[in-house]
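This report concerns only the one structure given below.
Here is the naming used below: chain letters follow the sequence lines, and residue numbers restart at 1 for every chain.
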Amino acid sequence: MASRTCQGGVTTPESNIFEKYLNRGTVFQDKSVLTSSYVPPILKHRDSQINDIANILSPLLNGEGASNVLLWGNTGTGKTVTAKYLGNQLKTILECEREGILINYIYVNCQTADTHYGVLYGISTHLYSKEEVDTGIAPPPTGWSLDRVHQALKKRLGDSKRVTVIILDEMDMFITKSGDDALYSIMKLNESDSPHGGKDIQSPPRVSIIGIANDISFVDLLDSRVKSRFSNEKVHFTPYITDNLQDILSQRAKLAFREGAIDDSVINLCASTEARVGGDARKAIEILRISGEIADRIGEKSINTDIVKKAYNAIERDYVTESIRALPAQSKHILMSVALNAEAGIERQTTGDVYETYQQLCRKTGLSPLSQRRVTDLISEMDTQGLVNARVRSFGRGGRTKEIALALPNITNVKNVLECDEFLSSMNGFKVKHQTTLV
DNA sequence: CCTCCACCGGAACGGGGGGAAA
DNA sequence: TTTCCCCCCGTTCCGGTGGAGG
Ligand SMILES: Nc1ncnc2c1ncn2[C@@H]1O[C@H](COP(=O)(O)OP(=O)(O)O)[C@@H](O)[C@H]1O
């Protein structure tokens, strides 16, 4: 652990216990540059994507509606940052060059706002002032009917001087889970609501959607009307290669770290490591941040490759323990069952195997067991979280079922984390009984 | 080629919680 | 207060289904 003596220009030898943290030097100059909300002034290596999107959005400059676009590619390939960057550019140029035209540039993350209502509400938060929220003119976070929120949005956006761009980040998971109702209702904002030419002073809004997704297979789930209007324009974000990442990282590092706190060898290590697994700039930047934090904690003045390796381990470990800890009790029981089976020598298990053990475990801990139907859903959820690997497979006459295995290397570790749960702490001495035969 | 296993996964439903509105 | 609305979590029901063995 840390040394007991104060060091480095500290004048009071015995004082507050936090003193040593306070006075310690730091490798950081501006840590905020390494957070995900930071948008750099120039984006390198995304020229072709930026051009494509700008081209699609260009009608907005004349106050005309533009097509919807779908940005897709692996995580950390710059989709979000590009969308935000273009928003800034659009706003600036409209302010300087086109007096009459105003733009709403609205960002909604569909992982956070993951319901139909949540997405509409997320849009609305960009459109109302504080007073309007306080006086109840703006939609509340919950309580109104969807229709009412929809009408309110339509009214807000229907201004002939105004164009609107809505960014829907992480929309693939959302659509897969919740269907395309929300997307459809956003597109309906563009429709005039008086079909018989009644006297509406309002013009229909001009709303363009920028969708962001990792995986575009969700497009097939869309209703054909939605699909044709939504997925005509697709822009692919390719993974970064080592050189790209080096550029991006050193651009950040220059701003984030003190002179001499980081050198090229470290940046090259991060760049090449990430380039090998998916060209993820977010992860690479995060590694830099964690490395810096570790360096500060252990009192190093600069980041070396050893520290980077520590950062890689820390990031992995924290992710796993955190996601296990955050699991609901039922999922913890299921995961424990998988771990127990694995420990008993059944690495690849069927749904039946897991459910059997799960029921026994529930009997022991006093949790009331869920139906098998529900359990398979929870297993699939843990599969997408990367805690478990589950894919359906057919064993011919032996049936068709998920084949499930723990996705984590260290079984004992998993069990230890799980045993912190209040239910599972009462499972001392539980033994799996029953063998299945499965090849 | 057909059967039949052991599930898969969609659909419909509802209790219950949280909130606004009449 | 009651009524309406949205959403989470879970149940029940049930029509599929890939492929080894007949
Ligand atoms: N070309 C780039 N130049 C500078 N920073 C980038 C670039 N591409 C990505 N980043 C940074 O990498 C991180 C992840 O990018 P992000 O746009 O969130 O990826 P995605 O949305 O594709 O998952 C962000 O912090 C972003 O600022």
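- Closest to the side chain of Leu146(A), from the set dT17(C), dG22(C), dC7(C), is dC7(C).
- When distances are taken from the side chain of Thr142(A) to each of dG19(B), dC5(C), dC7(B), the shortest belongs to dG19(B).
- In this model, the phosphate group of dC7(B) is approached by a side-chain N or O of Thr350(A) to a distance below 4.0 Å at OP1 or OP2.
- Of the possible donor and acceptor atoms, none in the side chain of Arg252(A) sits under 3.5 Å from a partner among the backbone N and O of Leu34(A).
- We find that OH of Tyr355(A) is positioned 12 Å from P of dC8(B), with the value rounded to whole Å.
- Residues from residues 368-380 of chain A placing a heavy atom under 4.0 Å of any atom in DNA chain B, listed by number, are Gln372(A), Arg373(A), Thr376(A).
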Worked check of side-chain contact (heavy atoms from CB on, under 4.5 Å) between Phe423(A) and Met336(A): CA-CA 12 Å; Phe423(A) 271 97; Met336(A) 180 58 95; over 6 Å; no

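- Within the 4.5 Å cutoff, the side chain of Arg46(A) has heavy atoms near those of the Thr238(A) side chain.
- Distances shorter than 4.0 Å separate some side-chain N or O of Thr115(A) from OP1 or OP2 on dC7(C).
- For Lys402(A), a side-chain nitrogen or oxygen approaches OP1 or OP2 of dG9(B) to under 4.0 Å.
- For Arg400(A), counting side-chain heavy atoms from C-beta on, the closest listed nucleotide (dG22(C), dA6(B), dC7(C)) is dA6(B).
- Residues Asn341(A) and Ile404(A) have side chains not in contact (no heavy-atom distance under 4.5 Å, counting atoms from C-beta outward).
- OP1 or OP2 of dA21(B) has at least one side-chain nitrogen or oxygen of Arg148(A) nearer than 4.0 Å.
- Residue Ser394(A) is in base contact, counting any heavy-atom pair closer than 4.0 Å across all strands shown.
- Atom CZ in Arg397(A) sits about 9 Å away from atom P in dG21(C), given to the nearest Å.
- For the pair Leu183(A) and Ile209(A), the minimum side-chain heavy-atom distance is below 4.5 Å.
- The 5' end of DNA chain B is approached more closely, in terms of each residue's nearest nucleotide, by Gly396(A) than by the other of Ile404(A) and Gly396(A).
- Note: CD (Gln349(A)) to P (dA6(B)) measures 18 Å, nearest angstrom.
- Glu293(A) and Arg289(A) are joined by a salt bridge, as a carboxylate oxygen and a charged side-chain nitrogen come within less than 4.0 angstrom of each other.
- Between the CZ atom of Phe395(A) and the P atom of dA20(C) there is a distance of 11 Å, given to the nearest Å.
- To the nearest angstrom, P of dG18(B) lies 17 Å from OH of Tyr117(A).
- Spacing between atom CD of Glu356(A) and atom C1' of dC7(B) amounts to 15 Å, rounded to whole angstrom units.
- Rounding to whole angstrom units, CG of residue Leu120(A) and C1' of dC5(C) are separated by 14 Å.
- A donor-acceptor distance shorter than 3.5 angstrom exists from the side chain of Lys154(A) to the backbone of Glu191(A), with no hydrogens or angles considered.
- Using a 4.0 Å cut-off between charged side-chain N and carboxylate O, Arg325(A) and Glu322(A) make a salt bridge.
- With hydrogens and angles ignored, the 3.5 Å screen pairs no side-chain donor or acceptor of Asn62(A) with any backbone N or O of Glu64(A).
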For DNA chain C, what dot-bracket results from Watson-Crick or G-U pairs at under 3.5 Å, with [ ] for crossers and | for inter-strand partners? ||||||||||||||||||||||

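- For the pair Arg391(A) CZ and dG9(B) C1', the computed distance is 18 Å after rounding to whole Å.
- The two atoms that bring Ala275(A) and Leu245(A) nearest to each other are N-CD1, 3.6 Å, heavy atoms only.
- Side-chain nitrogen and oxygen atoms of Trp144(A) include at least one within less than 4.0 Å of the OP1 or OP2 phosphate oxygen of dA21(B).
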